[in-house]
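So the structure is just underneath, and the comments pick up after that.
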Amino acid sequence: MKGFKEFLLRGNVIDLAVAVVIGAAFTAIVTVIVSALINPLIGAVFNASSLDHALVLEIPTTGKDPAALKFGAVIGAVINFVIVAAVVYFALVLPVNHLKKVAFDRVKKNEEQTPQDVPPTDVEVLLEIRDLLRSRNGGALPAGGGAHVAPSDLPEGPGIGGTTKL
């Protein structure tokens with residue numbers, strides 16, 4: 001029962017449920033608009049009571065009623081789909097994409113304004129020490145190829161070499 005509860009309370013499941021309910025309500029509105037406004041207008045162009053009765057091709061059959069291919073009903077369904085897709089795109093997808101872009105640009109701008117100070121790695125510090133030793137010794141590494149550096153080989157100063165104890 002615990003797993004089922006976790007499944008139901010996931011964000012994706014809740015979002016999907018809301019989308020289905022809103023989609024069903026929205027589809028009902030679009031269906032009424034198509035059937036009450038668009039179908040009669042297009043039906044009038046084709047001299048029919050509605051689009052469902054326009055562009056009907058009857059095929060004779062052996063029975064008493066002929067088979068009917070209702071191309072007008074298919075055109076009505078396509079119009080219904082196009083209207084739903086257009087409203088979803090312009091009312092939901094376009095604004096959400098715009099908000100995501102604005103938020104992404106804001107985050108990117110903040111990252112550019114506040115550069116992250118990354119401390120140097122051990123290898124970078126060692127390379128810098130090697131280069132300092134080379135420059136101090138005239139380009140040559142200390143005896144032994146640099147494998148061993150005596151405290152006397154390091155520059156003098158507070159905290160450098162063996163002169164200052166911590």
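Just so you know, these numbers come straight off a predicted model, no measurement behind them. Numbers here simply count residues along the sequence, with the first being 1.
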Next on the checklist: Treating Thr121 as the side-chain partner and Val125 as the backbone partner, does any N or O pair qualify as donor plus acceptor under 3.5 Å?
Outcome noted: no
Checklist entry - In Å and rounded to the nearest 0.5 Å, what is the CZ to CG distance from Arg134 to Leu127? => result 9.0 Å
Next on the checklist: So which atom in Pro60 and which in Pro66 form the shortest heavy-atom distance, rounded to 0.1 Å?
Outcome noted: CA-CB, 4.3 Å
Checklist outcome for this item: Between the CD atom in Glu58 and the CG atom in Asp65, the distance rounded to the nearest 0.5 Å is 9.0 Å
Item to check | Linked, directly or transitively: Ile33 and Val74 (ILVMFWY side chains, under 4.5 Å) | outcome: no
Next on the checklist: Would a single hydrophobic cluster contain both Phe90 and Ile79, if residues Ile, Leu, Val, Met, Phe, Trp and Tyr are joined by side-chain heavy-atom contacts under 4.5 Å?
Outcome noted: yes
Next on the checklist: Does any part of the side chain of Arg130, heavy atoms only, come nearer than 4.5 Å to the side chain of Leu126, both counted from C-beta?
Outcome noted: no
Checklist entry - With the 4.5 Å side-chain cut-off for hydrophobic clustering, are Val93 and Ile83 part of the same group? => result yes
Next on the checklist: When you group the ILVMFWY residues by side-chain heavy-atom contacts below 4.5 Å and let the links chain together, are Tyr89 and Phe81 in the same group?
Outcome noted: no
Item to check | Heavy atoms of other groups near Asp122 CG, more than 12 under 6.0 Å | outcome: no
Next on the checklist: In the structure I gave you, are the side-chain heavy atoms of Phe71 and Val56 within less than 4.5 Å of one another anywhere?
Outcome noted: no
Next on the checklist: Using 0.5 Å steps for rounding, measure from the NZ atom of Lys101 to the CZ atom of Arg106.
Outcome noted: 12.0 Å
Item to check | Within one Ile-Leu-Val-Met-Phe-Trp-Tyr cluster: Val82 and Leu37, side-chain cutoff 4.5 Å | outcome: no
